[in-house]
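All remarks here apply to the structure that follows.
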Amino acid sequence: MEYNFGNLIKVERMRKNMKQSVLARGICSISYLSKIENNQTTPSDEVLELIFERLELDVPLYYDFSEKIDQTKKEIRDTLKEALLSRQEEKYFKRIEKFKTNPVVLQSKELYVTLLITLARFGITPGGNVQYLIEVGWIKDQLSNDDRIRYDLIQCIYMFLYQSADRETTVNLLEKVGKDMADSGLPDWEKADMRYVMGALYHRFTDYSQAIDYVKPALEYFQENFCLERIIESHMIIGLSFKRRKRYTTALEHYEKAAKVADKANLNDYYGMLYNNMGDIYFLIGDQEKAQQYFLDSFNVKEGAKSKLYSVMSLLEVNVAQNDIEGIMKWLTVGYELKGNKEDLIEFDFHFDIYVNKYKKCDQNELIHSLKKAVDYFEAYDEYYTHKYALWLSRELRSSGKYKLATEYYEKTISMMSRWE
């Protein structure tokens, strides 16, 4: 068994925001502590006891847990598998956290790294703690090839969620993960989950062909293993990607397949998203009446302000298409009421300001100003709305005689469209 004491000491010291000089004082030199933390030397039991005492760690030094490593690793990995495939991460996360004080985990380097990587994967799910990803970064030089792939993908998710890197950096790392995964020893269930995640990221980065290519094999695994929630989500990503490629019939087929699974399994939480996406298809093919009904159904079954606000956006668009000013005003009112003063919903202020200036104030100068603000805001993380509002802005600028500026925004939309294709 390869002992974990160096990693454990380094992570725990950094968790406590303790300098090496503070931990080493009266025990050993700073340079010697550095060697311990980097697994370059094996300290005596006396030194380890003093370090653990200062870190307030209870780690057994005189009992060999090596026979329990395989069993404990299986428990950790099986818990992660059940959580991801069932989409019940919050429920299973509590089980995983209990391993943080497990003496077998604390003693074994292999188990300790496995646990940190697992906690990091949970950490980037809704309600998770991204601190675990940071902690893995402290010992990333100790990761195996497979764990490095896991870490890199979690990094991609983090960079996207928190805009901690530009698009090119994130996509380059995503491409590296795809290449490395092909020759990895990762189990099939984990490859399926990772391919789904990668497809979702490629979709958000508007590479719809890659999104479809990654999610399709994931869908095959989920279907073979009756992972119902993941089947629905895979069909939705594929459908969304086909929609962006203007393959509306194919997109609708995937939404309908997802709806059948949701219906048979009574997974009602998915109806809101499905209705909204199906409404989008009918909107795009010109059946505004059917689109509006699906958007209304979506709004009525959704829970939570943010989720409902996306349906409000769709209802605004369909009322614009029908030139129903009264309907536009109605849904703007509903939207503002739902948004309230919630800071995490600020993106909707940019959307709503545009519709107010266009259809309520009828002020082109204010409309141009609000469109510019929206483009600046969404450019950091959402190409769909950046493209939509930049194209709208270029038209407004052109109609007001500002041809040079109009051309700049139009070229921005062309650049985005070329990436999509």
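Index from 1, following the sequence.
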Less than 4.0 angstrom from a charged side-chain N to a carboxylate O is my criterion; do [X] and [Y] meet it?
X: Lys404; Y: Glu408; value: no
X: Glu233; Y: Arg87; value: yes
X: Arg15; Y: Glu135; value: yes
X: Lys372; Y: Asp376; value: no
X: Arg150; Y: Asp146; value: no
X: Lys308; Y: Glu303; value: no

* **For Tyr275, ring-ring contact (aromatic ring centres under 6.0 Å, His included) partners two or more places apart** => Tyr271
* Pairs in or reaching into residues 100-139: which pass ring-ring contact (aromatic ring centres under 6.0 Å, His included), with residues at least two apart or in two chains? -> Phe93-Phe122
Between the side chains of [X] and [Y], is a donor N or O closer than 3.5 angstrom to an acceptor N or O?
X: Glu383; Y: Thr206; answer: yes
X: Asn276; Y: Ser298; answer: yes
X: His351; Y: Tyr385; answer: no
X: Gln364; Y: Ser399; answer: yes
X: Gln107; Y: Asn4; answer: no

* To do: Check Glu229 against Leu85 and note the closest heavy-atom contact, atom names and distance.
  =>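 Glu229 and Leu85 have their closest heavy atoms at OE1-O, 4.4 Å.
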* Structure fact -> Heavy-atom nearest pair, Ala218 first then Ala192, reads CB-O, 3.3 Å
* Tyr3 vs Phe5 aromatic rings, parallel, tilted or perpendicular, using cut-offs 30° and 60°? -> parallel
* Would you please classify the geometry between the Tyr355 ring and the Trp392 ring as parallel, tilted or perpendicular, with 30° and 60° separating the classes? => perpendicular
